[in-house]
*Asks:* 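I'd like to ask you about the structure that follows.
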Number of protein chains: 2
Amino acid sequence: MQTSTLSDRTADIVVQACPVREVLDRVAGKWSIMVIIAAADGPVRFTELERSIDGISRRMLTLTLRNLERDGLLHRTVYPVVPPRVDYELTPIARELHESLLSLTGWAQRHRATISAARTAYDSRRLADAG
Amino acid sequence: MQTSTLSDRTADIVVQACPVREVLDRVAGKWSIMVIIAAADGPVRFTELERSIDGISRRMLTLTLRNLERDGLLHRTVYPVVPPRVDYELTPIARELHESLLSLTGWAQRHRATISAARTAYDSRRLADAG
DNA sequence: CCGCATCCCGCCCGATACTG
DNA sequence: CAGTATCGGGCGGGATGCGG
């Protein structure tokens, strides 16, 4: 087990840093946002998350879930049955976050093409300057 | 100069990945969001950014500015004077992003204490289980 | 089905020194 | 003032294997 959790350096060391980053770092991991989105529609099981989030490893899913649970964004329910059944549900505070994320994803989808084009244009410019 | 820019692995390699992450990764760097917020009130000079963003190094400020410019989020203006004067301004698309970020920062500030408490509670629980 | 432990690589980013 | 070049550490995260 890694001794440090995802991105807690800033929050733990620089106490008087911008509170925005302090909290955003908790969600800045590669998979956190995807998990929150995937769990937004209701309780989901571990395997469901694993299948719905493309490319995530079992290890990273576990770590991400633990961190989100630790921050009070996910509620974990274990059913004492065989085979084991565990499901995860967004807490009210996480549902609020999901609303904010919708604003971001909307922006992302609206400007996806524009940004991509800007990158291409910038790169060919740089290439022209060099050549 | 590093050959690769901030967080372009996902976008460049896994093309058919979630468009949300593809774009969010462009803003997921440690300093990108801070720069966007710091530049939101109007054109700012390099040194102004350097002073207003606590803890940022000259190198990282430069890299972050270049990447944001590359993605069409910042407009860079160079004035041919001595001493050199350069300022940076959010593009319309970045101003939209800033609006979305306000939603996020609002959430962060509202739930800062709650999240911190949740962490502490979770950690002392884990500690009790171990001891 | 759900999860933890270990190994290891690659990139982010900080420190430092140098330029027009 | 506004950058650029180089070096190196540290951590995120992927691959793999084991346990309840």
Side-chain angles (χ1 to χ4, degrees), chain A residues 1-14 17 21 25-35 43-51 53-70 74 76-88 126 129-130, chain B residues 1-14 17 21 25-35 43-51 53-67 69 74 76-88 126 129-130:
Chain A
M1 170 78 127
Q2 54 186 23
T3 57
S4 168
T5 54
L6 289 171
S7 302
D8 59 358
R9 305 185 306 278
T10 305
D12 291 344
I13 297 175
V14 185
R21 275 230 66 84
D25 279 343
R26 314 267 165 99
V27 182
K30 185 173 181 179
W31 304 106
S32 300
I33 292 180
M34 299 306 294
V35 168
V44 279
R45 301 183 59 174
F46 187 91
T47 309
E48 289 179 312
L49 288 169
E50 194 176 11
R51 272 175 305 167
I53 302 176
D54 190 67
I56 196 170
S57 67
R58 187 162 283 133
R59 165 185 150 83
M60 287 315 297
L61 179 55
T62 301
L63 286 176
T64 303
L65 289 171
R66 288 297 164 276
N67 282 313
L68 291 175
E69 184 192 3
R70 183 159 104 115
L74 278 183
R76 181 170 179 263
T77 308
V78 182
Y79 300 94
V81 295
V82 281
R85 180 198 172 102
V86 179
D87 59 31
Y88 296 87
R126 295 274 83 189
D129 291 354
Chain B
M1 172 77 122
Q2 57 185 26
T3 56
S4 169
T5 54
L6 288 170
S7 301
D8 59 358
R9 306 184 305 280
T10 304
D12 291 344
I13 297 176
V14 186
R21 276 230 65 84
D25 279 345
R26 314 268 164 99
V27 182
K30 185 172 182 179
W31 303 106
S32 300
I33 292 180
M34 299 306 295
V35 168
V44 280
R45 303 184 57 173
F46 187 90
T47 310
E48 291 179 312
L49 288 170
E50 193 176 12
R51 272 175 305 169
I53 302 175
D54 190 64
I56 196 170
S57 67
R58 188 163 283 127
R59 167 185 150 80
M60 286 316 296
L61 179 55
T62 300
L63 285 176
T64 303
L65 289 171
R66 288 297 167 278
N67 282 312
E69 184 193 4
L74 277 184
R76 180 169 179 264
T77 308
V78 181
Y79 300 94
V81 296
V82 279
R85 178 197 174 104
V86 178
D87 60 30
Y88 296 89
R126 294 277 82 187
D129 291 354

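Just so it is clear: chains get the letters A, B, ... in the order the sequence lines come, proteins before strands, and each one is counted from 1.
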*Asks:* Is any side-chain nitrogen or oxygen of B/R76 closer than 4.0 Å to OP1 or OP2 of D/dG3?
*Replies:* yes
*Asks:* With sequence neighbours excluded, what pairs up with B/R45 under the side-chain hydrogen bond (donor to acceptor under 3.5 Å, both in side chains) test?
*Replies:*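 Not a single residue meets the side-chain hydrogen bond (donor to acceptor under 3.5 Å, both in side chains) criterion with B/R45.
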*Asks:* From CG of A/D87 over to C1' of C/dG3, roughly how many Å is that when rounded to an integer?
*Replies:*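 In whole Å, C/dG3 C1' lies 16 Å from A/D87 CG.
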*Asks:* Considering every strand and a 4.0 Å limit on heavy-atom distances, what is the contact class for B/Y79: base, sugar-phosphate, or nothing?
*Replies:*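 Since no nucleic acid heavy atom lies under 4.0 Å of B/Y79, the category is nothing.
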*Asks:* If only side-chain N and O atoms of B/R58 are considered, is one of them under 4.0 Å from the OP1 or OP2 phosphate oxygen of D/dC1?
*Replies:* no
*Asks:* Measure from the side-chain heavy atoms of A/T62 and tell me the nearest of C/dG3, D/dG13, D/dG3.
*Replies:* C/dG3
*Asks:* Can you tell me how far P of D/dC11 sits from CG of A/N67, to the nearest Å?
*Replies:*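 Value for this atom pair: 15 Å.
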*Asks:* Starting at atom CD of B/E69, determine the distance to atom P of D/dG3, rounded to an integer number of angstrom.
*Replies:*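 Spelled out: CD on B/E69 to P on D/dG3 is 9 Å.
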*Asks:* A/D25 CG to D/dC11 C1': how many Å, rounded?
*Replies:*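 About 13 Å, once rounded to whole Å.
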*Asks:* Does A/R59 make a side-chain donor-acceptor contact with the base of C/dG3, cut-off 3.5 Å?
*Replies:*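 No such pair is found, so the answer is no.
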*Asks:* Please tell me which of B/G55 and A/L65 maps to the more 5' nucleotide of DNA chain C, matching each residue to the nucleotide holding its nearest heavy atom.
*Replies:* A/L65
*Asks:* With side-chain contact (heavy atoms from CB on, under 4.5 Å) as the criterion, how do B/F46 and B/V86 come out once you've worked through the C-alpha distance, each side chain's angles and the decisive distance to 0.1 Å?
*Replies:* CA-CA 7 Å; B/F46 187 90; B/V86 178; 5.6 Å; no
*Asks:* Nearest whole Å is fine: how far is C/dA15 P from B/L63 CG?
*Replies:* 15 Å
*Asks:* Using whole Å, what does the distance between atom C1' of nucleotide D/dA2 and atom OH of B/Y88 come to?
*Replies:*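 Taking atom C1' of D/dA2 as the reference, OH of B/Y88 is at 8 Å.
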*Asks:* Apply side-chain contact (heavy atoms from CB on, under 4.5 Å) to residues B/L63 and B/R66 and explain how you reach the verdict.
*Replies:* CA-CA 5 Å; B/L63 285 176; B/R66 288 297 167 278; 5.7 Å; no
*Asks:* Atom OG1 in A/T64, atom CD1 in A/I53: separation rounded to 0.5 Å?
*Replies:* 8.0 Å
*Asks:* Can any side-chain N or O of B/S32 pair as donor or acceptor with the backbone N or O of B/A28 at less than 3.5 Å?
*Replies:* no
*Asks:* Between D/dG14, C/dG14, D/dG3, which one does the side chain of A/K30 approach most closely?
*Replies:* D/dG14
*Asks:* Relative to the 5' end of DNA chain D, which residue comes earlier, A/W31 or A/P84, by the nucleotide with the nearest heavy atom?
*Replies:*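 Nearest-nucleotide comparison on DNA chain D picks A/W31.
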*Asks:* If you only use heavy atoms from C-beta on, which nucleotide in C/dC1, D/dG3, D/dG14 is closest to the side chain of A/S57?
*Replies:* D/dG14
*Asks:* Under 4.0 Å between a side-chain N/O of B/T47 and OP1 or OP2 of D/dA2, yes or no?
*Replies:* yes
*Asks:* Find the distance B/L61:CG to C/dC12:P and express it as a whole number of Å.
*Replies:*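 It is 17 Å, rounded to the nearest whole Å.
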*Asks:* Which nucleotide, C/dC13, D/dA2, C/dG3, lies nearest any side-chain atom of B/M60?
*Replies:*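 Nearest listed nucleotide: C/dC13.
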*Asks:* How long is the line joining CD1 of B/I56 and C1' of C/dG14, in whole Å?
*Replies:*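 It works out to 12 Å between those atoms.
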